[in-house]
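Presented below is the structure to which this report refers.
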Amino acid sequence: MGISKVSLAFILLAVTFRQRIQGSQEPACNLKDLTALKGFSNCLGSDIGGWNWNSFNCCSWTGITCDNSSFVNKRVVGLELGNKRLAGTICETLVGLEQVRILNLSHNFFHGKIPTNLFRFQNLEVLDLSNNDFVGSLPVVIHLPSIKYFDLSKNHFSSLLSLELCKTSSHIQYINLANNFFGEASLYLENCTSLHYVYLNGNGLSGAFPQNLYRIQYLRILHLQENRFSGPLHYGIGNLSNLVELDISSNGFNGSLPDVFGRLRKLDSFSAGSNSLTGLLPISLVNSPSLSIVDLRNNSLDGASS
Ligand SMILES: *[C@@H]1O[C@H](CO)[C@@H](O)[C@H](O)[C@H]1NC(C)=O
Ligand SMILES: *[C@@H]1O[C@H](CO)[C@@H](O)[C@H](O)[C@H]1NC(C)=O
Ligand SMILES: *[C@@H]1O[C@H](CO)[C@@H](O)[C@H](O)[C@H]1NC(C)=O
Ligand SMILES: *[C@@H]1O[C@H](CO)[C@@H](O)[C@H](O)[C@H]1NC(C)=O
Ligand SMILES: *[C@@H]1O[C@H](CO)[C@@H](O)[C@H](O)[C@H]1NC(C)=O
Ligand SMILES: *[C@@H]1O[C@H](CO)[C@@H](O)[C@H](O)[C@H]1NC(C)=O
């Protein structure tokens, strides 16, 4: 009895002592994260408002979110600095934010190439680098096993677009690479079973309609307009039974429209204007109960085949 009373008193004392230490200490973020942020800010043309280098608690700075782990070793899980008029390049040091889940640097004036290792974050779920002036090509191997949202639209990325995003993860729901200068696409997305939104419009993509897309059965929105795709449209489009919006306008597609609209029961909007389509309108298109917007102007199509 006596002994256990003593040890109980000791435990209580230890707990109080620890609480007092923590109470006197400031919360702080992990040193690796702090170093990564320092390197990141060094590559910018100006200071980031709301970042106080006199404090070790980067978690309280503008745009930064930390996890709830240890009091003095908090990990940065979010860096959201969209629309902050930031200019400069992204330095390799940013890769030190190894726990980051959300990275949003959209609507700024970043330029230059993106360090390849940025495409290797283990926990990254949201990557939004849209509306900047980034250049260069994407790495052949993108290893983002947790990625759900991938937006690189409205930049100056160029050359071959080789996407194999679902080799390691099938969580991705949203891919937006619109309005860049990609010239050729190799899309290996057939394992992307959660993919709902694909925007590839406004590039220089050429070749046939990407066949791999016919297997992404949960696709809801597909934008391929304003590219240089050509050749006929395949019956495989009928596989995309969850499509709500399909835009293939301003390309070089030719031949007749496949009679697959009976299978596209959710299709609300179909735009195929400014191609070289010929032949009769398929009866399933004319009779579609779901379609409310159809744009076929500037082709050589004839009336309904009924
Ligand atoms: C921290 O914990 C709170 C409450 O448990 C939770 O709502 C919040 O999402 C957590 N934040 C992070 C970044 O994990
Ligand atoms: C990124 O930040 C911008 C500007 O604040 C915002 O409009 C956009 O929705 C954010 N992106 C994501 C994926 O949340
Ligand atoms: C798709 O998954 C199969 C089976 O797991 C795998 O063999 C194949 O390499 C994957 N393809 C791509 C492009 O990820
Ligand atoms: C349509 O989907 C089925 C089932 O997923 C698949 O086997 C077939 O290859 C797809 N068609 C095309 C043209 O990709
Ligand atoms: C479509 O265009 C290609 C290449 O210009 C041509 O070889 C093919 O005959 C055309 N097909 C039709 C049906 O007009
Ligand atoms: C019609 O389509 C052709 C390409 O097929 C394009 O060059 C032309 O600008 C389009 N005209 C209009 C008025 O949209």
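Please read these numbers as outputs of a predicted model, since none were measured by experiment. Only this structure's heavy atoms are used, side chains among them; waters, hydrogens and symmetry mates stay out.
- Disulfide check for C29/C66 fails, with the SG atoms at least 2.5 Å apart.
- In terms of modelled atom types and a separation under 3.5 Å, the side chain of N155 and the main chain of D133 share a donor-acceptor contact.
- Using a 3.5 Å distance cut-off with no hydrogens or angles, the side chains of S292 and D268 do pair a donor with an acceptor.
- For E184, the CD atom sits in a loose shell: 12 or fewer heavy atoms of surrounding residues, nucleotides or ligands are nearer than 6.0 Å.
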List the steps and the verdict of side chain to side chain donor-acceptor pair (under 3.5 Å) for D259 and S284. CA-CA 6 Å; D259 195 3; S284 62; 2.4 Å; yes

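- H196 approaches Y218 most closely through the heavy-atom pair ND1-O, 3.1 Å.
- A donor-acceptor pair is defined here as one N or O able to donate and one able to accept, closer than 3.5 Å; such a pair exists between the side chain of S60 and the backbone of N57.
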Could you go through the side chain to side chain contact (heavy atoms under 4.5 Å, CB included) check for F110 and L44 one step at a time? CA-CA 8 Å; F110 285 101; L44 299 182; 3.3 Å; yes

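- When atom types are taken as modelled, the side chain of S250 and the backbone of S274 share no donor-acceptor pair closer than 3.5 angstrom.
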Report the C-alpha distance between V260 and L240 in whole Å, list the side-chain angles of each, state the deciding distance to 0.1 Å, and finish with yes or no for side chain to side chain contact (heavy atoms under 4.5 Å, CB included). CA-CA 10 Å; V260 294; L240 302 176; over 6 Å; no

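- Scanning both residues, C192 and I216, for their nearest heavy atoms gives O-CG2, 3.6 Å.
- Summarising the geometry, atom CG belonging to L277 is positioned 5.0 Å from atom CG belonging to N275; distances are rounded to the nearest 0.5 Å.
- N254 and S276 share no side-chain donor-acceptor pair at under 3.5 Å.
- At a threshold of 4.5 Å between side-chain heavy atoms, the hydrophobic network of Ile, Leu, Val, Met, Phe, Trp and Tyr places V140 and L152 in two separate groups.
- Note: the hydrophobic cluster containing I142 does not contain Y197 (ILVMFWY, side chain heavy atoms under 4.5 Å, direct or indirect links).
- At least one donor-acceptor pair closer than 3.5 Å links the side chain of N203 to the backbone N or O of L177.
- Classified by interplanar angle (parallel below 30°, tilted 30° to 60°, perpendicular above 60°), the ring pair W53/W51 is perpendicular.
- Partners of R220 according to the salt bridge (Lys or Arg N to Asp or Glu O under 4.0 Å) rule, which considers only residues two or more places apart in sequence or in another chain, do not exist here.
- Using a 4.5 Å heavy-atom cutoff, the side chains of N30 and V76 are not in contact.
- The heavy-atom pair separating N299 from A272 by the smallest distance is ND2-O, 3.0 Å.
- The two residues P258 and H234 come nearest to each other via the heavy atoms CG-O, 3.7 Å.
- Put simply, OG1 on T62 and CD on E80 are 12.0 Å apart, with the number rounded to the nearest 0.5 Å.
- Between the CD1 atom in I248 and the CG atom in L257 there is a gap of 7.0 Å [rounded to 0.5 Å].
- Judged purely by distance below 3.5 Å, without hydrogens or angles, the side chains of K266 and N242 pair a donor atom with an acceptor atom.
- Ring-plane geometry between F253 and F229 is classed as parallel, the angle between the planes falling under 30 degrees on a 0 to 90 degree scale with a further cut at 60.
- The two residues S269 and L291 have their closest heavy-atom pair at N-CD2, 3.9 Å.
- For the pair G204 and R228, the tightest heavy-atom approach, listed with the atom from each and the gap, is O-NH1, 3.8 Å.
- Once rounded to the nearest 0.5 Å, the distance linking CG of L246 with CG of L267 reads 6.5 Å.
- Between Q99 and D33, the closest side-chain pair of non-hydrogen atoms is not below 4.5 Å.
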Kindly indicate, with the supporting measurements, whether the criterion side chain to side chain contact (heavy atoms under 4.5 Å, CB included) is fulfilled by L296 and F270. CA-CA 8 Å; L296 298 170; F270 176 54; 3.8 Å; yes

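- Contact annotation: the side chain of L189 approaches that of I175 to within less than 4.5 Å [non-hydrogen atoms, C-beta and beyond].
- D247 places no side-chain N or O within donor-acceptor distance of the main-chain N or O of Q225, the cut-off being under 3.5 Å.
- Residues V100 and L124 meet the side-chain proximity criterion, which asks for heavy atoms closer than 4.5 Å.
- Every residue was checked against the side-chain hydrogen bond (donor to acceptor under 3.5 Å, both in side chains) condition with N287, not counting sequence neighbours, and none meets it.
- Y149 pairs by the ring pair (Phe, Tyr, Trp, His ring centres under 6.0 Å) definition with Y174, not counting sequence neighbours.
- Counted by atom type alone, N131 and S106 present zero donor-acceptor pairs between their side chains at under 3.5 Å.
- V126 and L129 fall into different hydrophobic clusters, defined by Ile, Leu, Val, Met, Phe, Trp and Tyr side-chain heavy atoms under 4.5 Å apart, directly or through other members.
- At a threshold of 4.5 Å between side-chain heavy atoms, the hydrophobic network of Ile, Leu, Val, Met, Phe, Trp and Tyr places L94 and I48 in one connected group.
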With side chain to side chain contact (heavy atoms under 4.5 Å, CB included) as the criterion, how do L103 and F121 come out once you've worked through the C-alpha distance, each side chain's angles and the decisive distance to 0.1 Å? CA-CA 10 Å; L103 186 55; F121 281 122; 4.3 Å; yes

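- Between the N108 side chain and the L81 main chain, a donor and an acceptor come within less than 3.5 Å of each other.
- Atom-to-atom distance recorded for N179:CG and Y199:OH is 12.5 Å, nearest 0.5 angstrom.
- When hydrophobic clusters are built by joining Ile, Leu, Val, Met, Phe, Trp and Tyr residues whose side-chain heavy atoms come closer than 4.5 Å, directly or via intermediates, V294 is grouped together with L264.
- Here the side chain of N176 pairs no donor or acceptor atom with the backbone of S153 at under 3.5 angstrom.
- H107 places no side-chain N or O within 3.5 Å of a backbone atom of S130 that could act as its donor or acceptor partner.
- Side chains of R263 and N239: a donor-acceptor N/O pair is present below 3.5 angstrom, by distance only.
- Using a 4.5 Å heavy-atom threshold, the side chains of P115 and I90 count as touching.
- Counting heavy atoms from C-beta on, the side chains of E190 and Y188 come closer than 4.5 Å.
- A 6.0 Å sphere centred on CG of N42 holds more than 12 heavy atoms belonging to other residues, nucleotides or ligands.
- Contact of the L205 side chain with the N251 side chain is not registered, since no non-hydrogen atoms from C-beta on lie closer than 4.5 Å.
- Atoms CZ and OG1, from F134 and T89 in turn, are 8.5 Å apart once rounded to the nearest 0.5 Å.
- No side-chain heavy atom of T35 sits under 4.5 Å from any side-chain heavy atom of T93.
- A distance-only check finds no donor-acceptor pair linking the side chain of S146 to the backbone of E125 [under 3.5 Å].
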